[in-house]
Engineer: 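Dumping the structure here so I can ask a few things about it.
Counting convention: from 1, in listed order, for ligands and their atoms alike.
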Amino acid sequence: MTTHPLLAEAVAGFSALFEEARVAGEPDPTAMTVATAGLDARPSARTVLLKAHDARGFVFYTHLDGRKGRELQANPHAALLFHWPRVRNGVQVRVEGAVEIVSDAEADAYFASRPRVSQLGAWASLQSETLESREAFEQRLSQVEQRFDGREVPRPPRWTGLRVRPEKIEFWYGADFRLHERWLYESDRAGDWSKRMLYP
Ligand SMILES: Cc1cc2nc3c(=O)[nH]c(=O)nc-3n(C[C@H](O)[C@H](O)[C@H](O)COP(=O)(O)O)c2cc1C
C-alpha cells in the first residue's frame with residue numbers, strides 16, 4: 001500500500017521533531033502518554049515508551065492483561081501525547097487512531113533486544129494486579145530466574161506491542177504572546193488525508 005503524501009509529511013514532521021527533542025536534551029523523548037477507555041467510556045492515561053514509528057503507526061510494548069491492555073482489547077482506540085518543552089518554543093504532538101497488536105515476529109524481535117533483567121521482569125509482573133508486598137514480587141522474580149536459568153528468555157505470550165494507526169496527528173508549536181500554531185493532519189474514513197490549521 002502506498003503512503004498518502006500528507007501522512008508521509010506528518011510522519012516525517014514527527015521524526016524531525018523527535019530528533020530535535022533528542023538533540024535538545026529532553027530527558028526522554030520516547031516517553032508519551034497513552035490514553036484509553038474501556039466500554040464504560042471512562043478515560044485512563046499512563047506513560048509508556050515509544051519503540052517504533054513509521055507511516056503504519058506508533059508502537060509501544062505492554063502486558064495485555066494490565067488495565068490499558070484490557071481496555072484496548074475491548075475498545076481498540078487510543079490517543080498518544082508527546083510534550084517536548086525544550087524543542088523550539090515548546091512542542092506538543094497528539095496522535096489518535098485505532099490500535100492493533102503487532103505481529104509475533106515483530107514483538108519477538110523487540111523482546112529479544114531487551115536486557116535480560118527486563119525480560120525476566122516481564123515474566124514476573126502480573127501487571128496492574130494487587131501486589132501484596134515488594135517481597136512477593138522479588139520472590140516471583142527469583143522463581144522466573146530459576147525457570148529460565150541458562151537459556152534464552154522467550155517472550156511472555158500476553159506481552160506484546162501495540163501499534164496506534166494514526167487517523168489524526170496534530171502538531172502544536174509554542175510561540176510568544178499565545179500566537180501558538182496548530183496543524184492538524186486528518187484522515188477520512190476512506191483513508192484520504194487532509195491538513196489544516198486550527199485556532200490556537
Ligand atoms: C517513564 C515511564 C515509562 C514507562 N514505560 C512503559 C512501557 O513502555 N510499557 C508499559 O507497559 N508500561 C510502562 N510504564 C508503566 C505505565 O505507566 C503503567 O504504570 C503500567 O503500564 C500499568 O498501566 P495500566 O494499569 O494502565 O495497564 C512506564 C512508566 C513510566 C513512568
Engineer: With a 4.0 angstrom cut-off on heavy atoms, strictly below it, pick out the residues next to ligand 1 and order them by chain and number.
Structural biologist: R46, T47, V48, L49, Y61, T62, G66, R67, K68, Q127, S128

Engineer: Is the W159-Y61 ring centre distance short of 6.0 angstrom?
Structural biologist: yes

Engineer: Is any side-chain N of the basic residue among R86 and E20 closer than 4.0 Å to the acidic one's carboxylate O?
Structural biologist: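 Looking at R86 and E20, the cut-off is not met.
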
Engineer: Is it true that R22 and E19 make a salt bridge, defined as a side-chain N closer than 4.0 Å to a carboxylate O?
Structural biologist: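 Between E19 and R22 there is a salt bridge, with a charged N closer than 4.0 Å to a carboxylate O.
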
Engineer: Is the cationic atom of R196 (NZ for Lys, CZ for Arg) positioned less than 6.0 Å from the six-membered ring centroid of W183 and within 45 degrees of its normal?
Structural biologist: no

Engineer: So does K195 pair up with E186, basic N to acidic O under 4.0 Å?
Structural biologist: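 No, no charged N to carboxylate O under 4.0 Å.
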
Engineer: Under the rule for ring pair (Phe, Tyr, Trp, His ring centres under 6.0 Å), what residues qualify as partners of F14, not counting sequence neighbours?
Structural biologist: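 Partners of F14 by the ring pair (Phe, Tyr, Trp, His ring centres under 6.0 Å) criterion, ordered by chain and then number, come out as F18, H53, F58, F82, W84.
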
